[in-house]
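Only one structure is covered here, and it is reproduced in the block below.
Chain naming here is simple, since letters A, B, ... match the order of the sequence lines and numbering starts at 1 in each. Heavy-atom basis, side chains included; hydrogens, waters and symmetry copies ignored.
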Protein chains: 2
Amino acid sequence: MTTRSSTDAARVIPEATVARLPVYLRALTALADNGIRTCSSEDLATAAGVNSAKLRKDLSYLGSYGTRGVGYDVDYLRYQIAREIGVTQDWPVVIVGIGNLGHALANYSGFRSRGFRVVALLDADESVVGQSVAGVVVRPFRDLEEIVREHDVAIGVIATPAVAAQDVADRMVAIGITSILNFAPAVVAVPEGVDVRKVDLSIELQILAYHEQRKANGADAAAAVAVETGGGAA
Amino acid sequence: MTTRSSTDAARVIPEATVARLPVYLRALTALADNGIRTCSSEDLATAAGVNSAKLRKDLSYLGSYGTRGVGYDVDYLRYQIAREIGVTQDWPVVIVGIGNLGHALANYSGFRSRGFRVVALLDADESVVGQSVAGVVVRPFRDLEEIVREHDVAIGVIATPAVAAQDVADRMVAIGITSILNFAPAVVAVPEGVDVRKVDLSIELQILAYHEQRKANGADAAAAVAVETGGGAA
DNA sequence: CCCATTTTGTTCTCGCGTTCACAAACTCCT
DNA sequence: AGGAGTTTGTGAACGCGAGAACAAAATGGG
Ligand SMILES: NC(=O)c1ccc[n+]([C@@H]2O[C@H](COP(=O)([O-])OP(=O)(O)OC[C@H]3O[C@@H](n4cnc5c(N)ncnc54)[C@H](O)[C@@H]3O)[C@@H](O)[C@H]2O)c1
Ligand SMILES: NC(=O)c1ccc[n+]([C@@H]2O[C@H](COP(=O)([O-])OP(=O)(O)OC[C@H]3O[C@@H](n4cnc5c(N)ncnc54)[C@H](O)[C@@H]3O)[C@@H](O)[C@H]2O)c1
């Protein structure tokens with residue numbers, strides 16, 4: 001009824017699983033680097049920091065790539081996960097906003113090794129444009145459309161101040177970018193069909209602070225109770 | 001029965017809600033900056049990028065800080081959320097690994113304005129130690145204990161290469177740090193009672209790549225079907 | 001060749017989070 | 001004062017994800 005290959009029939013991978021596949025991929029790469037050719041779900045789960053039942057369930061959404069009684073072939077599974085995620089070829093990426101963070105991102109070697117290729121660095125500030133960062137010359141933001149068309153870019157990274165984030169996102173969307181990674185602490189609205197993921201340092205720290213405060217309060221309360229009951233640990 | 005204040009009686013805030021409180025806090029700050037003194041759950045939900053039912057339910061875990069028929073007082077709610085998260089005072093933070101990313105973090109002004117204060121920058125590389133970054137002199141990693149004791153630091157940030165992450169984390173935990181924000185692409189194991197949060201650029205990009213690939217495949221499949229059925233949209 | 005052992009793939013159950021829908025509570029206008 | 005109009009706070013239904021538990025499949029030894 002369609003020309004689809006049998007491998008993608010009705011496969012809907014849960015979002016929670018999709019978010020873990022890259023972790024498994026990284027763990028498998030680490031195992032391979034250590035010369036390990038086969039591993040059990042237990043081994044891989046430990047390396048990835050999850051429990052083995054969850055790991056097996058996640059992998060089962062991709063297909064049956066293990067061998068019962070044996071485990072998984074590291075290289076084979078690695079390839080299958082990479083194929084599923086879509087990082088067997090490199091994705092071209094543009095970074096907009098070459099300030100403190102943009103510089104760090106441009107210098108990040110992990111991009112290339114994990115399925116991405118920075119094809120351009122863009123900034124609106126004329127004093128930044130023309131600088132060479134990590135061997136790439138920063139180009140003016142207005143060149144975005146030309147670059148996106150030339151390299152068929154689908155993924156854009158926003159590393160501008162928060163006030164500029166929505167404008168940059170709007171421009172990206174208008175030009176045809178359909179996936180955005182946003183480092184600016186701002187909610188960006190995009191039309192249906194465009195994915196936005198947010199990386200927010202302050203939020204992460206504030207979540208830690210919340211739990212830290214609870215730990216302190218809990219300790220206080222426990223101490224208070226201990227005093228009241230006259231109880232003392234051994 | 002205890003000396004606890006009435007405000008923390010049996011309040012267990014769901015983790016998903018905790019993760020959104022910082023977003024609400026930021027949205028409220030933005031509203032306040034625009035001179036808005038009161039807002040409805042609908043307004044705030046829009047600013048925070050969530051739906052209003054979820055927002056109200058989240059806020060209800062903190063208490064009843066709104067007024068029916070009116071909405072929320074922006075400053076009052078902002079204070080209540082900040083108090084709940086624990087960012088009414090600043091948390092001292094140390095950053096370990098002053099490379100590309102560490103530099104960007106050290107220069108990030110958003111720390112200070114959101115409840116955190118960088119008390120030290122640390123690195124194991126002697127050629128980095130002594131450099132002044134964002135007005136702070138980088139100190140040798142071995143000074144960690146002294147600094148943590150002096151400033152009563154509970155939160156540490158890891159921005160070292162992946163291979164060093166576990167060692168750094170172990171050292172932090174040994175010294176008494178109980179919350180870690182890890183930027184290195186590595187799973188770090190910590191004892192119970194220590195919180196670790198991970199920020200991983202590559203994982204975020206790979207998740208985007210997965211959906212991007214699906215969009216492409218979906219379009220292909222739709223096109224294939226269109227061809228097969230002889231169907232053509234207007 | 002058969003059986004014990006290992007390890008996967010899957011089913012089932014439980015709990016959490018999201019969303020809907022509405023009663024309660026407040027304001028403002030007449 | 002009373003009623004119309006708003007908006008909050010929450011009870012209930014639903015769906016998804018986590019984890020336990022087990023059947024199916026492969027290996028290797030006797
Ligand atoms: N530095 C960090 O470690 C860090 C951490 C977390 C979040 N962030 C966030 O990341 C973003 C960037 O941070 P930063 O420290 O690099 O800021 P920055 O001010 O150093 O750099 C921002 C860059 O964006 C450029 N820019 C501004 N408006 C633009 C536009 N409309 N189009 C294109 N480029 C534009 C500026 O010219 C500048 O070069 C900010 O939103 C910040 O809140 C930074
Ligand atoms: N640069 C980025 O934009 C980026 C993005 C995502 C993730 N990361 C990750 O963040 C981490 C840092 O990235 P980077 O580009 O800044 O790397 P980098 O190599 O520039 O900096 C790492 C720093 O850590 C120091 N270091 C190494 N071992 C240490 C130890 N045991 N104790 C203390 N300090 C030590 C090094 O001296 C160096 O200064 C890496 O794990 C990287 O994968 C970086």
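- A:R68 has its CZ atom 5 Å from the C1' atom of C:dT8, to the nearest Å.
- Considering only side-chain N and O atoms, B:N51 lies under 4.0 angstrom from the phosphate OP1 or OP2 of C:dT19.
- Atom CZ in B:R56 sits roughly 16 Å away from atom P in C:dA24 (whole-Å rounding).
- We find that CD of A:E42 is positioned 12 Å from C1' of C:dT8, with the value rounded to whole Å.
- Looking at B:L181 and B:I155, their side chains never come closer than 4.5 Å, going by heavy atoms from C-beta outward.
- The nearest whole Å value for the distance from the CG atom in A:L62 to the P atom in C:dT10 is 12 Å.
- Looking at the side chain of B:E15, the nearest of the listed nucleotides C:dT18, C:dT7, C:dG17 is C:dG17.
- Between C:dG9 and A:Y72, a contact under 4.0 Å exists linking OP1 or OP2 to a side-chain N or O.
- In this model, no donor atom of one side chain and acceptor atom of the other lie less than 3.5 Å apart for B:D43 and B:T46.
- Under a cut-off of 6.0 angstrom, the local environment of CZ in A:R117 is crowded, with over 12 non-hydrogen atoms contributed by other residues, nucleotides or ligands.
- Using a 4.0 Å cut-off, some side-chain N or O of A:S41 falls inside it from OP1 or OP2 of C:dT8.
- A side-chain donor-acceptor contact under 3.5 Å links A:Y210 and A:R214.
- Applying the side-chain contact (heavy atoms from CB on, under 4.5 Å) test between A:V168 and each of A:I180, A:V157, A:I158 identifies A:I158 as the sole match.
- With hydrogens and angles disregarded, no donor-acceptor distance shorter than 3.5 Å links the side chain of A:N34 to the backbone of A:I36.
- C:dC26 atom C1' lies 15 Å from atom CG of B:D73, rounded to whole Å.
- When rounded to the nearest whole Å, the span between CG of A:L55 and P of C:dG9 equals 10 Å.
- A close approach under 4.0 Å does not occur between any side-chain nitrogen or oxygen of A:S40 and OP1 or OP2 of C:dT7.
- Counting heavy atoms from C-beta on, the side chains of A:Y72 and A:L59 come closer than 4.5 Å.
- Put simply, NZ on A:K54 is 17 Å from C1' on C:dG9, counting in whole angstrom units.
- Both A:A53 and B:K57 lie close to DNA chain D; mapped to their nearest nucleotides by heavy-atom distance, the more 5′-ward contact belongs to B:K57.
- The nearest whole Å value for the distance from the CG atom in A:D43 to the C1' atom in C:dT8 is 13 Å.
- Along DNA chain D, the nucleotide nearest A:G69 and the nucleotide nearest B:G66 are compared for position; the residue whose nucleotide lies closer to the 5' end is B:G66.
- Chain A approaches DNA chain D over the interval D:dG17 to D:dT27, counting the first and last nucleotide 5' to 3' with an atom under 4.0 Å from its heavy atoms.
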